[in-house]
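Quick caveat, the model's predicted, so the values are computed rather than measured.
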Amino acid sequence: MAEQTIGGRIYPIGIQSFQKIIEEGYTYVDKTFFVAKLVKETQYVFLSRPRRFGKSLLLSTIHAYFDGRRDLFKGLAIDKMDMDWTPRPVLHFDLNTGKYDQPEGLLNRLSASLTTYEGRFGILPSMESDPALRFENLINGIHQDTGKKVVILVDEYDKPLLGIEENPELYEKNQRMLKGFFSNLKSMDDHIEFAMLTGVARFSKVSIFSDLNNLDDISMESGYANICGWTEAELTDNFEFGIRELAKFRAEEVSLTIKELREYYDGYLFAPNGSRLYNPFSILKALKAKAILPYWFDTGTPTFLANRIRKEGIDPESLNGQTQSYSELIAVGLGTNNVIALMFQTGYLTIDSYDARRQIYTLRFPNREVEVAFAQNLLPLYVPATSAINGRFNLQAFKDNLYYGDPYAFMERLQALFKDLPVEDHRESTYRAVTYLLCLLSGTEAIPERHSYKGRSDLEVLTTDYVYVFEFKYDKSVEEAMEQIHSRDYAGRYALDPRTVYLIGANFNEKKEERGLQYEIERMEKN
């Protein structure tokens with residue numbers, strides 16, 4: 001089902017056509033100010049945003065503007081601005097569709113689009129089979145025949161490279177074809193009015209854009225930070241009734257529903273001076289289904305990212321707080337070794353803060369939806385499949401232990417689970433990763449390396465009724481772990497907290513004859 005009517009308003013779930021949204025009365029969050037800004041300020045532009053973040057709808061809106069369809073923009077921001085509504089010829093390539101894991105996949109997709117436009121504009125097809133030469137012939141022919149420069153829109157330009165990293169020959173072939181095709185954006189400058197490409201990653205490292213020094217990358221510009229995605233004001237202004245219906249269904253105050261929507265779907269930040277943004281796709285799905293679940297993650301599992309993190313030995317609990325420079329974040333692609341920057345470009349990490357003096361960005365997971373779902377993809381890379389078969393890995397049981405205040409059962413299950421780990425995985429980083437990921441997947445708020453005035457605890461896990469403060473040691477003793485919790489007063493912040501607080505000292509023993517987990521648990525005494 002592609003729509004949901006709530007309070008007389010129709011929500012466009014999965015609809016990426018601006019014309020369809022306007023003509024059929026779907027709710028539209030007005031982003032036309034940015035369309036006007038793009039047209040006035042740029043000629044060749046590139047925008048990187050994660051999947052399902054509104055890039056296709058943005059290009060469709062730009063397409064409608066250059067078609068001269070002012071009737072569609074009545075009452076919107078751009079309608080009140082001084083704009084040239086003269087129709088221009090538009091070539092709109094959607095590379096999101098097509099099978100690119102076959103040798104002729106990209107060639108067939110480009111050829112089909114070129115054939116369509118050659119027929120539409122009455123351009124005699126080039127005798128060349130090379131799509132780059134056909135594209136050049138098409139642009140030149142349209143300009144000569146109409147007297148108008150051409151508008152070029154390319155949606156998800158990088159899709160032909162995604163998912164084929166394990167096939168270097170095909171990857172290289174698609175890369176060369178894309179580079180040749182897009183080279184027209186420079187060589188045909190006199191015939192082009194405006195061009196915009198969107199995608200997930202910028203492939204400068206694989207030379208697709210190396211010759212396009214006229215391409216303006218606005219991905220991290222403050223003036224365009226909110227061009228896709230929704231601010232909280234846009235959410236509450238356009239979807240107030242749906243939010244109220246969701247709150248009613250959940251039998252809670254509207255303020256609590258907004259708080260949970262914020263925690264689960266908000267948090268994306270693409271420039272230091274921008275606003276925190278919601279993922280539109282997830283919000284619409286949540287309002288339709290009346291359930292707050294990880295919808296965005298289900299549209300594409302980041303298996304290759306999880307595998308890279310595991311292979312490169314990156315601690316999952318260290319992903320929040322990673323730092324990168326601007327050049328590291330923006331000038332990478334799938335060919336890079338910088339998996340952190342790639343996680344930023346694909347939407348699994350976002351900007352947390354920016355140090356202008358050092359010109360360094362600190363990153364974090366944008367929200368609970370991404371954090372929990374990414375943990376779900378990572379955990380199987382640490383926990384052997386046999387653990388699920390023999391009953392030692394039961395996520396619901398771990399979750400129940402934490403939510404119902406039974407840390408003893410939780411630690412016993414953890415102890416049994418570690419016995420299944422291969423010998424080579426009996427090391428500190430694996431123990432920490434598994435514990436952290438289990439707590440995340442249990443739906444708790446899991447905070448690693450939490451600072452206090454006397455130091456920082458290894459892990460604090462928060463539920464509605466319980467708090468668990470962990471300190472881990474390796475080849476030392478449980479007593480040392482517990483003594484550190486007390487001496488550094490890690491639980492002091494919860495002295496007035498009404499929740500029950502458990503202190504958990506754990507020692508991961510890696511000595512072959514004693515390998516395993518030992519632990520001690522205390523319930524915090526409060527006055």
Side-chain angles (χ1 to χ4, degrees), residues 1-42 45 47 49 51-94 96-97 116-117 120 148 150-156 193-198 224 226-243 245 277-288:
M1 185 175 182
E3 64 184 54
Q4 173 75 7
T5 303
I6 302 178
R9 308 197 72 176
I10 312 174
Y11 292 173
I13 300 174
I15 297 177
Q16 301 168 347
S17 167
F18 175 74
Q19 179 177 340
K20 180 179 178 69
I21 287 174
I22 298 301
E23 290 184 339
E24 299 186 16
Y26 290 90
T27 300
Y28 175 67
V29 176
D30 190 356
K31 296 289 185 178
T32 60
F33 164 80
F34 292 105
V35 173
K37 182 177 172 67
L38 280 172
V39 171
K40 289 177 177 292
E41 294 183 351
T42 66
V45 62
L47 175 68
R49 284 294 183 269
R51 292 174 295 105
R52 297 287 195 167
F53 227 83
K55 300 188 299 294
S56 297
L57 177 56
L58 174 65
L59 285 189
S60 178
T61 307
I62 295 171
H63 190 155
Y65 165 74
F66 280 114
D67 274 346
R69 292 294 307 275
R70 188 168 187 174
D71 56 304
L72 297 176
F73 294 87
K74 185 177 181 180
L76 299 177
I78 197 173
D79 190 39
K80 305 176 182 67
M81 303 171 72
D82 181 21
M83 304 296 295
D84 179 4
W85 292 93
T86 304
R88 285 83 145 184
V90 179
L91 302 177
H92 192 160
F93 297 90
D94 181 5
N96 196 42
T97 59
T116 297
Y117 284 121
R120 181 176 302 175
K148 297 177 181 179
V150 177
V151 172
I152 299 170
L153 306 175
V154 182
D155 195 8
E156 303 289 5
E193 171 87 7
F194 176 86
M196 183 168 183
L197 287 75
T198 70
Y224 293 99
N226 301 346
I227 192 170
C228 293
W230 297 336
T231 65
E232 187 156 305
E234 288 173 329
L235 173 66
T236 54
D237 287 349
N238 289 277
F239 302 97
E240 179 184 5
F241 190 88
I243 294 171
E245 287 293 292
L277 298 171
Y278 285 81
N279 182 314
F281 176 79
S282 296
I283 283 290
L284 291 175
K285 289 286 288 184
L287 295 182
K288 173 182 179 293

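- Atoms CG and CZ, on Leu91 and Phe66 in that order, are 12.5 Å from each other to the nearest 0.5 Å.
- Considering Thr61, Asn96, Asp155 as possible partners of Ser56, the one that fulfils the side chain to side chain donor-acceptor pair (under 3.5 Å) test is Asp155.
- Between the CD atom in Gln19 and the CG atom in Asp71 there is a gap of 8.5 Å [rounded to 0.5 Å].
- The shortest side-chain heavy-atom distance between Ser60 and Ile21 does not fall under the 4.5 Å cut-off.
- When all heavy atoms of Val154 and Ile152 are compared, the pair lying nearest together is CG2-CG2, 4.1 Å.
- Residue Ile243 holds its CD1 atom at 9.5 Å from CG of Asn238, rounded to the nearest 0.5 Å.
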**OP:** Would you please test Phe73 and Ile22 for side chain to side chain contact (heavy atoms under 4.5 Å, CB included) and show each step?
**Re:** CA-CA 8 Å; Phe73 294 87; Ile22 298 301; over 6 Å; no

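- Minimum heavy-atom separation, Leu47 to Cys228: CD2-SG, 4.0 Å.
- The two residues Leu57 and Ser17 make their nearest non-hydrogen contact at CD1-C, 4.1 Å.
- For the atom pair Ile62 CD1 and Leu58 CG, the distance stands at 4.0 Å (nearest 0.5 Å).
- The two residues Arg52 and Pro280 have their closest heavy-atom pair at O-CD, 4.1 Å.
- Taking the side chain as every heavy atom from C-beta outward, His92 and Leu59 approach each other to under 4.5 Å.
- Counting all heavy atoms, side chain and backbone alike, Leu284 lies closest to Pro12 at CD1-O, 3.2 Å.
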Subject >> side chain to side chain contact (heavy atoms under 4.5 Å, CB included) evaluation trace for Glu245 with Leu287 >> reply: CA-CA 8 Å; Glu245 287 293 292; Leu287 295 182; over 6 Å; no

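- No option in Phe241, Tyr28, Phe239, Tyr26 other than Phe239 meets the ring-ring contact (aromatic ring centres under 6.0 Å, His included) test with Tyr11.
- By the 30° and 60° cut-offs, the orientation of the rings of Trp85 relative to Tyr65 is perpendicular.
- A distance of 5.0 Å separates OG1 of Thr32 from CG of Leu76, quoted to the nearest 0.5 Å.
- One finds the CD atom of Glu24 at 7.0 Å from the CD1 atom of Ile15 (value rounded to the nearest 0.5 Å).
- Across Tyr117 and Val90, no two heavy atoms sit closer than the pair CE2-O, 3.7 Å.
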Subject >> Test side chain to side chain contact (heavy atoms under 4.5 Å, CB included) applied to Phe18 and His63, step by step >> reply: CA-CA 9 Å; Phe18 175 74; His63 190 155; over 6 Å; no

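- Of the charged side-chain nitrogens involved, at least one lies within less than 4.0 Å of a carboxylate oxygen, so that Arg70 and Asp79 count as a salt-bridged pair.
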**OP:** Determine, step by step, whether Ile227 and Leu38 satisfy the side chain to side chain contact (heavy atoms under 4.5 Å, CB included) criterion, reporting the C-alpha distance in whole Å, the side-chain angles of both residues, the deciding distance to 0.1 Å, and the verdict.
**Re:** CA-CA 10 Å; Ile227 192 170; Leu38 280 172; 3.8 Å; yes

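- In this structure the side chain of Leu277 reaches within 4.5 angstrom of the side chain of Thr231, judged on heavy atoms.
- At a threshold of 4.5 Å between non-hydrogen side-chain atoms, the residues Gln16 and Lys55 do not count as touching.
- No salt bridge links Lys148 with Glu193; every basic N to acidic carboxylate O contact stays at or beyond 4.0 Å.
- Taking 4.5 Å as the limit, some side-chain heavy atom of Glu23 sits within range of a side-chain heavy atom of Leu72.
- Put simply, the side chain of Lys31 never gets that close to the backbone of Trp230: no donor and acceptor are under 3.5 Å apart.
- With a 4.5 Å cut-off on side-chain heavy atoms, Glu234 and Asn226 do not count as touching.
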